[in-house]
Amino acid sequence: MGEAGLTPDEKYHLITRNLQEVLQEEKLKEVLKERDLKVYWGTATTGKPHVAYFVPMSKIADFLKAGCEVTILFADLHAYLDNMKAPWELLAQRVIYYETAIKAMLQSIGVPLDKLKFVKGTDYQLSREYTLDVYKLTSLVTEHDAKKAGAEVVKQVDHPLLSGLLYPGLQALDEEYLKVDAQFGGVDQRKIFTFAEKYLPSLGYTKRCHLMNPMVPGLTGTKMSSSEEDSKIDLLDGASAVKKKLKKAFCEPGNVTDNGVLSFVKFVLLPLSENGEFTVDRKPENGGSITFKDYESLEKAFADESIHPGDLKPAVERELNRLMEPVRQVFQTPDMKALISRAYPPLPKKKGGQAANAASEEISPVRLDLRVGRIISVEKHPDADTLYVEKVDLGEEQSRTVVSGLAGLVPMETLQDYVGVFLCNLKPQKMRGIESQAMLMCASIDDPRCVEPLMPPEGSAVGDRVFVESYNTGSPDERLNPKKKIWEKLQPDMKTSEECVAQWSGNPIMTKLGLVKCKSMKNAPIK
């Protein structure tokens, strides 16, 4: 008997129940005779997790019941490599979102988190050893094999990027670097799993076992996908949205094939039921409530139409809301709502209701052209007592004119030769007759009125880029469109910390040399 109080055969049954396929089955049995299995499940941090994620969660619960050592990998680098489904600057926020959501899901089904290990891909995938193994693989793997391995997982386009060809190799190497006996995933991962079995031995590493879940149909009868809104129920959807989506879900009377509603009962609701039962409430004239102790009897009842979709859907809705409610509650706090906005910034709508192109419309600090600049001259505005007119070197051919409302707040001699941070892609604006071509960034409070210009790290050069940590990839807009109010939407989340560090949504603002700060103002808005 093992640590879980089960025989190897009992552990094997728990580990493999409801799976569609197991590769290296005999090896799995041999490991279980000697010790508990080490297994990992990885998820690329792309679109928002949806309720189909309860399917792998229910299997992870089985693995833990069988005494397995389970690792959950948040594959942030994979998310970027898969045709850039997740922009680099959003990866850090999406990892936090995924970890919070998945932990909440596991807790909602009673899985103790202390038995799990959580790992982020970039924690080890950027190491020297891992990178060398990636290069070794590229000298062994053909383009044909790489493309074939990712065909079911990597987004397929007419002109694929090289990054998509690297994806299967990285997933194979994860098995070695996570030191596991087995990898768990959907059957859509099969080609990557067989790719790993073929190529890992070429690097001197052992073949792993592979455990595959069937693909659970979505609400439209096809694969449930984050990118297909109608096919999924988001984890944070409210009860009314769940009712609406289930009402529209494909669930033809008597049809037990490609039926997402029925499949959800099989792979989630029944395995996670405390008593192993699923109850369908019906009106007395339709036979009254009925309880099913196994999926086969439910499927038979649905196939012979003694259970109607109008009865099945409300029962699934009831149990689904029960699972989702603890997850919804976790994301109700102001901090969690802010996290959602950072990880998945809302996209403006085009005419006709379609989301605009993500690269151009995403409200992200990447769009701000923030630079280090030096004030080479400063004088009072001839027509305004509260304004200064500055000439600023920003590393361009010509200096820019900047009009700042700092007169009476910051001495002119302080600003002379001052090295500060400037927002350079606002639309030029005339201020009392003089055009201002950039904005000096300052910590600022109104009561009592106090202003301090931000300070880049010592040694910063004129023209150095200033960026928000984790948002340093991509190019800023050439000019911010005033109608889009990009700066106005980003500015409220800019403030200094208790340590006087400039931040946006809690992420430090910095240059390549370090943190941007102000002299003494704590928790002050940045304007």
Side-chain angles (χ1 to χ4, degrees), residues 333-339 341-342 345 363-365 367-373 375 378-390 392 401-457 466-469 471 480 482 484-511 515-527:
T333 67
D335 285 348
M336 288 297 103
K337 289 180 179 179
L339 171 64
S341 296
R342 295 195 302 270
I363 307 301
S364 161
R367 300 181 69 173
L368 304 179
D369 183 5
L370 292 165
R371 288 185 240 162
V372 174
I375 299 175
V378 55
E379 58 187 26
K380 286 189 175 181
H381 193 294
D383 298 317
D385 292 338
T386 59
L387 301 178
Y388 287 143
V389 179
E390 303 131 13
V392 181
T401 299
V402 176
V403 181
S404 301
L406 301 180
L409 297 170
V410 181
M412 287 178 62
E413 54 267 29
T414 299
L415 292 178
Q416 182 64 47
D417 295 317
Y418 189 87
V419 177
V421 175
F422 293 81
L423 178 56
C424 301
N425 59 343
L426 290 171
K427 182 180 179 181
Q429 183 177 0
K430 283 195 173 183
M431 299 180 71
R432 300 294 294 270
I434 298 178
E435 186 179 80
S436 183
Q437 299 164 334
M439 182 168 71
L440 175 62
M441 305 298 291
C442 300
S444 174
I445 57 174
D446 294 326
D447 189 17
R449 186 77 174 112
C450 185
V451 176
E452 289 181 358
L454 297 185
M455 305 182 298
V466 178
F467 57 88
V468 177
E469 187 180 52
Y471 294 83
L480 296 176
K484 301 291 185 180
K485 297 190 180 298
I486 305 302
W487 165 243
E488 289 80 359
K489 292 173 182 177
L490 292 169
Q491 186 277 325
D493 290 318
M494 284 195 167
K495 64 179 183 179
T496 58
S497 69
E498 278 289 326
E499 294 74 35
C500 301
V501 174
Q503 296 182 334
W504 178 80
S505 288
N507 298 283
I509 298 173
M510 59 196 303
T511 74
L515 301 174
V516 172
K517 300 182 178 182
C518 69
K519 186 176 180 181
S520 63
M521 295 174 63
K522 301 177 181 180
N523 302 312
I526 295 172
K527 302 177 181 180

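The first residue of the sequence shown is numbered 1, and numbering continues consecutively from there. Worth saying up front: this structure is predicted, and the values here are computed from it rather than measured. Only heavy atoms go into these numbers, but all of them, side chains included; no hydrogens, no water, no symmetry mates.
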Any donor-acceptor N/O pair, [X] side chain to [Y] backbone, under 3.5 Å:
| X | Y | result |
| --- | --- | --- |
| Trp504 | Leu490 | yes |
| Tyr388 | Leu415 | no |
| His381 | Ser404 | no |
| Glu452 | Ser520 | yes |
| Thr496 | Ala524 | yes |
| Glu390 | Val403 | no |
| Arg432 | Ala384 | no |
| Ser497 | Val501 | yes |
| Glu435 | Pro428 | no |
| Tyr418 | Pro453 | yes |

Check against side chain to side chain donor-acceptor pair (under 3.5 Å), Ser444 and Arg449: CA-CA 8 Å; Ser444 174; Arg449 186 77 174 112; 2.8 Å; yes

The single option from Pro365, Pro508, Ser505 passing side chain to side chain contact (heavy atoms under 4.5 Å, CB included) against Val468: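 In the set Pro365, Pro508, Ser505, the residue that makes a side chain to side chain contact (heavy atoms under 4.5 Å, CB included) with Val468 is Pro365.
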
Ion pair check, Lys337 and Asp335, cut-off under 4.0 Å: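 Not counted as a salt bridge, because no side-chain N and carboxylate O are separated by less than 4.0 Å.
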
Between [X] and [Y], is any pair of side-chain heavy atoms under 4.5 Å apart?
| X | Y | value |
| --- | --- | --- |
| Met441 | Ile526 | yes |
| Phe467 | Leu370 | no |
| Leu480 | Leu368 | yes |
| Asp369 | Arg371 | yes |
| Glu469 | Ile509 | no |
| Val419 | Pro456 | yes |
| Cys442 | Val410 | no |

Other residues, nucleotides, ligands: >12 heavy atoms within 6.0 Å of Asp385 CG: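 12 or below, so no.
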
Steps toward side-chain contact (heavy atoms from CB on, under 4.5 Å) verdict (Leu387, Met431): CA-CA 9 Å; Leu387 301 178; Met431 299 180 71; 4.2 Å; yes

Step-by-step side-chain contact (heavy atoms from CB on, under 4.5 Å) determination, Val378 to Val389: CA-CA 6 Å; Val378 55; Val389 179; over 6 Å; no

Derivation and outcome, side-chain contact (heavy atoms from CB on, under 4.5 Å), residues Met521 and Ile445: CA-CA 9 Å; Met521 295 174 63; Ile445 57 174; 3.8 Å; yes

Residue pair Met494, Gln503: steps toward the side-chain contact (heavy atoms from CB on, under 4.5 Å) verdict: CA-CA 6 Å; Met494 284 195 167; Gln503 296 182 334; over 6 Å; no

